[in-house]
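Before any comments, here is the structure.
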Amino acid sequence: MADVTIANARKHYGNMPVLHGIDLQIRSGEFVVFVGPSGCGKSTLLRMIAGLEEINDGTIAIGKTVVNDVSPARRGVAMVFQNYALYPHMTVRDNMGFGLKMAGVPKPARDLKVRQAAAMLQLTDYLDRLPKQLSGGQRQRVAIGRAIVRDPQVFLFDEPLSNLDAALRVATRIEIARLKDKLPGTTMIYVTHDQVEAMTLADKIVVLNSGRIEQVGSPLELYERPANLFVARFIGSPAMNIVDASYDGASRVGLQGQTISVPQGSFREAGFVKLGVRPEDLRLAEGADHLLAGTVALVEHLGEVTLAYVDIGTSEPLVAKLEGTAAVERGTAVRLTADPTRIHLFDGETGASLRLPAPTSLAA
Ligand code: ADP
């Protein structure tokens, strides 16, 4: 059991800053996912926790110990890499037990640990195989097993699913989610650029962008209350629709010559804003009460859902995620509506969310 505390951690390669001062508290037993676009610094931050990259400024503590100058082997961490890094000439059993053997753990204790980890990862029937006789997903499970047998306080995963095809990705993701339940005391930190992995695995997501933290929160907090445009666009698929608009500071938002209402007191006052609405929050309007009128530019039938791209006069069409059976045809006029409480407003210049905190009870 160990917290990980990162305080003002900075990193540069040469004179290029890569992390600009990261502050983050990870609680013991938490599953935390670092997510963000390629190059934002996720792997670097993970490797700094692992001890594979030097920390240029600030501190990283595991438990109560500042580990800046502690070697990777002594940090109580185990890392799983995207390319598995298994020994090709060793069986699954020997690959999983190798670290323990090097650490001088006697064979009976080693075998027990390996058998327990193999059972946890559905690898019992494969212990005598070589890596080349396994699928990619099984190889990655062996790599995870090799980390488990060491009883790490902190488990680090660096894009562990990125070399797997789509079906194996899902199966291995489920395996990792199960692992989290089987090892409840182990802190897990997981890096991915895939927001679906982040949403499905994380207790807490850290969204990184250009070496800075944009927001930290539970998957639903990020989805429901993105702190800024970056997070709003990054979480959710298809991405949130964003449209230029003006806000009167009370309840009226004007866009494209149309006016819509938002709940009074939901947002801070502002003039020029960006309005955000998720594709799944848009519906075809039935009565006169609608949000926006436009023309269907394109329809994609995906079976369970239909994506309608609606031209409302902005540079990009709005995407509406409708029922699979929705009767929409390209070229026809449609009107869209949304629950006003599902509308997001962001500052037109800074991109910061204008949402006010929900009123709290004044009762003692
Ligand atoms: P991510 O994992 O989010 O894709 P990385 O942490 O791998 O991003 O990289 C962050 C930035 O640091 C990138 O601009 C990358 O090119 C740069 N970088 C990473 N490793 C090195 C290195 N060893 N030397 C120089 N630049 C590096």
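Atoms within a ligand are numbered from 1 in the order they appear, just like the ligands themselves. None of these values were measured; they are calculated from a predicted model.
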Legend entry - Partner residues of R129 under the salt bridge (Lys or Arg N to Asp or Glu O under 4.0 Å) criterion, sequence neighbours left out: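 Counting only residues at least two positions away or on another chain, R129 forms no salt bridge (Lys or Arg N to Asp or Glu O under 4.0 Å).
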Legend entry - Close-range residues for ligand 1, whose non-hydrogen atoms fall below the 4.0 Å threshold: Y13, M16, V18, P37, S38, G39, C40, G41, K42, S43, T44
Legend entry - Any side-chain donor near an acceptor of the partner, Y223 and Q195, under 3.5 Å: no
Legend entry - N228 and Q215 side chains, donor-acceptor separation under 3.5 Å: no
Inset, instruction - Could I get the full list of side chain to side chain contact (heavy atoms under 4.5 Å, CB included) partners for S261, not counting sequence neighbours? - result: R252
Inset, instruction - Please determine if R342 and E224 form a salt bridge, counting it only when a charged side-chain N lies under 4.0 Å from a carboxylate O. - result: yes
Legend entry - salt bridge (charged side-chain N to carboxylate O under 4.0 Å, His left out) contacts in which one or both residues fall within residues 72-99, not counting sequence neighbours: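 Qualifying pairs, neighbours excluded: R93-D128.
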